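These notes concern the structure reproduced below.
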Amino acid sequence: MSAASNVTPPVVFTQDELGWVSWIDPLPEAELTERHFAGLVDRSRSKSEYFRLLVRDPEVLEARTKTDKDIFYNVADGLPRAERELAAAATSRYNGCIYCASVHARFASTYSKRRDDVQRLLDEGVGADLGERWNAVVKASVALAATPIAFGPDNIDELRRAGLDDAEIVDVINGASFFNWANRLMLSLGEPSK
Amino acid sequence: MATKDIIDTLAGIEPGSALDGIRAKRVQARDNAQKSYLSLFEPIDAGDVSLVERAAVALFVIGLHREPTVAAFYRTKLAATADGARLVEAVDVEIARGETSGPYGAFPAGPLSVENKAGLIYRVGAERKPDLGDRLVAAFEHAHLLVFRPRDAAAADMKALLAAGWSNTGIVTFSQLVAFLSFQVRVVTGLRVLGASLRRTANVAAGA
């Protein structure tokens with residue numbers, strides 16, 4: 001077990017940069033092999049405790065990282081980056097992942113230039129009124145995050161009324177779904193620190 | 001047009017359909033969602049988490065989502081796994097026992113505490129423990145936590161898994177498995193809902 005007794009966890013949702021401390025042992029940097037570096041995808045991730053923990057299963061990490069990158073960074077088709085990040089931030093807010101929410105709220109603010117609206121999502125929760133288009137994205141993300149899944153035809157209609165086309169709706173589905181993956185890793189394998 | 005992958009199969013997406021076309025523009029996301037599935041269920045190294053453990057956890061996790069098509073897929077997978085068929089009934093009983101609605105749980109003490117929401121703290125039934133064994137009992141209890149109340153997770157939950165015989169690497173693979181399934185079942189559900197909506201629109205346009 002990693003020592004985490006000196007961690008000061010954040011107690012509110014924030015756009016500040018947070019740290020993250022693992023509850024179980026990451027691989028030491030000195031033990032990383034080429035198989036592990038392939039799993040990390042970006043060699044610089046060997047500096048991150050989170051990725052040195054996940055790289056204990058390098059094949060899953062590699063596939064997961066490449067899924068993540070395409071869902072969020074490949075903006076040749078589909079939704080603008082800001083709204084993919086909004087879906088990630090809303091999902092994280094709803095599931096309760098303070099760390100993931102901080103990262104993706106920050107990205108949503110950067111790409112949308114709507115920092116105050118993003119902050120209201122963090123402060124007030126997923127019911128905050130952010131305008132028709134963002135409300136539709138947040139509501140769809142939340143419906144997908146519920147268990148059992150509550151996403152239905154009404155969410156599709158609402159996204160269409162807000163102006164999203166089919167490829168953009170697929171990006172909302174992928175972005176929100178992906179954060180149900182990410183939130184469960186970040187919340188259960190360690191904790192954020194200020 | 002791409003060959004059907006596991007998401008297409010579970011969401012009912014046919015080659016050449018509108019959704020197939022949208023997915024085909026995002027080759028990397030599509031291929032790597034498939035690789036994630038394969039690396040979890042057909043791993044090159046199953047030393048830390050056995051194939052039957054993976055299939056049993058998958059059926060339990062998807063069963064808790066009450067998504068019958070996807071659950072049927074993983075039920076078949078468990079039944080086909082060596083030594084898995086004997087577990088199917090016990091897993092189904094535990095799914096029924098663990099059914100609830102999430103997310104719920106507690107935030108770190110402070111301003112967010114007003115949003116705390118109490119709910120079921122699931123434990124495996126005593127009568128199924130001999131069938132499942134210590135490792136799967138601990139895994140099911142942790143998987144339920146991850147599915148419904150991930151914000152309740154604490155360092156002590158890692159200790160419980162280690163005490164039940166899970167290695168550090170096994171915990172990572174198991175956590176990825178539960179988290180990946182949480183992604184997969186949502187993509188499948190979302191795309192299925194969108195696909196149905198597109199077919200309705202097409203039928204209206206065709207005057208059907």
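Since we're looking at a predicted model, the values are computed, not measured. Worth knowing before you read on, the calculation uses all heavy atoms, side chains too, and leaves out hydrogens, waters and symmetry mates. Below, read A as the first sequence line, B as the second, and so on, with proteins coming before strands; counting in each chain starts at 1.
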Atom [atom1] of [X] and atom [atom2] of [Y]: how far apart are they, to the nearest 0.5 Å?
X: B:Leu146; Y: A:Asn180; atom1: CG; atom2: CG; answer: 12.0 Å
X: A:Ser22; Y: B:Met158; atom1: OG; atom2: CE; answer: 8.5 Å
X: A:Asn174; Y: B:Ile7; atom1: CG; atom2: CD1; answer: 7.5 Å
X: B:Ile22; Y: A:Ile173; atom1: CD1; atom2: CD1; answer: 9.0 Å
X: A:Leu54; Y: B:Ser175; atom1: CG; atom2: OG; answer: 8.5 Å
X: B:Ile44; Y: A:Glu59; atom1: CD1; atom2: CD; answer: 3.5 Å

Contact origin within [X] toward chain A - heavy atom pairs under 4.5 Å:
X: B:Glu115; answer: side chain
X: B:Leu19; answer: side chain
X: B:Thr100; answer: backbone
X: B:Arg192; answer: neither
X: B:Arg66; answer: side chain
X: B:Val27; answer: backbone
X: B:Ala109; answer: backbone
X: B:Phe180; answer: both

Check whether any side-chain heavy atom of [X] sits under 4.5 Å from a side-chain heavy atom of [Y], and report yes or no.
X: A:Ile98; Y: B:Pro108; answer: yes
X: B:Asp152; Y: A:Leu187; answer: no
X: B:Ser197; Y: A:Arg160; answer: yes
X: A:Pro148; Y: B:His65; answer: no
X: A:Ser188; Y: B:Leu145; answer: no
X: B:Leu198; Y: A:Asp166; answer: yes

Out of [options], return the one with the most heavy atom pairs under 4.5 angstrom to chain A.
options: B:Leu40, B:Val147, B:Asp31, B:Leu38; value: B:Val147
options: B:Pro111, B:Ser113, B:Ala18; value: B:Pro111
options: B:Gly170, B:Pro103, B:Gly105; value: B:Pro103

Side chain A:Asp70, main chain B:Ala29, donor-acceptor under 3.5 Å: yes
Main-chain N/O of A:Lys66 paired to B:Gln28 side chain as donor or acceptor, under 3.5 Å: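 Yes; at least one donor-acceptor contact below 3.5 Å.
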Evaluation steps, side-chain contact (heavy atoms from CB on, under 4.5 Å), between B:Leu112 and A:Val11: CA-CA 7 Å; B:Leu112 291 168; A:Val11 296; 6.0 Å; no
Does any heavy atom of chain B fall under 4.5 Å from the side chain of [X], the backbone, both, or neither of them?
X: A:Leu144; result: both
X: A:Tyr94; result: both
X: A:Asp154; result: neither
X: A:Asn74; result: both
X: A:Leu27; result: neither
X: A:Pro9; result: neither

Between A:Thr147 and B:Arg186, a side-chain donor and acceptor under 3.5 Å: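 There is such a pair (donor and acceptor under 3.5 Å, judged by atom type) between the side chains of A:Thr147 and B:Arg186.
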Side chains of B:Thr173 and A:Arg56, donor plus acceptor under 3.5 Å: no
Parallel, tilted or perpendicular: rings of A:Trp181 and B:Phe183 (30°, 60°): tilted
Pick from A:Val172, A:Asp57, A:Val12, A:Ile149 with the largest number of heavy-atom pairs that fall under 4.5 Å of chain B: A:Ile149
Chain B interface, residue from A:Ala167, A:Ala145, A:Pro10, A:Gly152 that has the most non-hydrogen pairs under 4.5 Å: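 Among A:Ala167, A:Ala145, A:Pro10, A:Gly152, the one with the most close pairs to chain B is A:Ala145.
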Please check if the number of heavy atoms outside [X] that lie under 6.0 Å from its [atom1] is greater than 12.
X: A:Glu17; atom1: CD; value: no
X: B:Asp134; atom1: CG; value: no
X: B:Lys77; atom1: NZ; value: yes

Mind listing the closest non-hydrogen atom pair of [X] and [Y] along with its distance?
X: B:Ile171; Y: A:Leu189; result: CG2-CD2, 4.0 Å
X: A:Leu185; Y: B:Gln176; result: CD1-OE1, 3.5 Å
X: A:Asn95; Y: B:Pro150; result: O-CG, 4.4 Å

B:Asp157 and A:Trp23: CA distance, side-chain angles, deciding distance, side-chain contact (heavy atoms from CB on, under 4.5 Å) verdict: CA-CA 10 Å; B:Asp157 296 305; A:Trp23 285 326; over 6 Å; no
Verdict with reasoning, B:Ser36 to A:Thr67, per side-chain contact (heavy atoms from CB on, under 4.5 Å): CA-CA 9 Å; B:Ser36 299; A:Thr67 310; 4.1 Å; yes
From CA spacing to verdict: side-chain contact (heavy atoms from CB on, under 4.5 Å), B:Arg26, A:Asp171: CA-CA 10 Å; B:Arg26 305 292 285 278; A:Asp171 282 334; 2.8 Å; yes
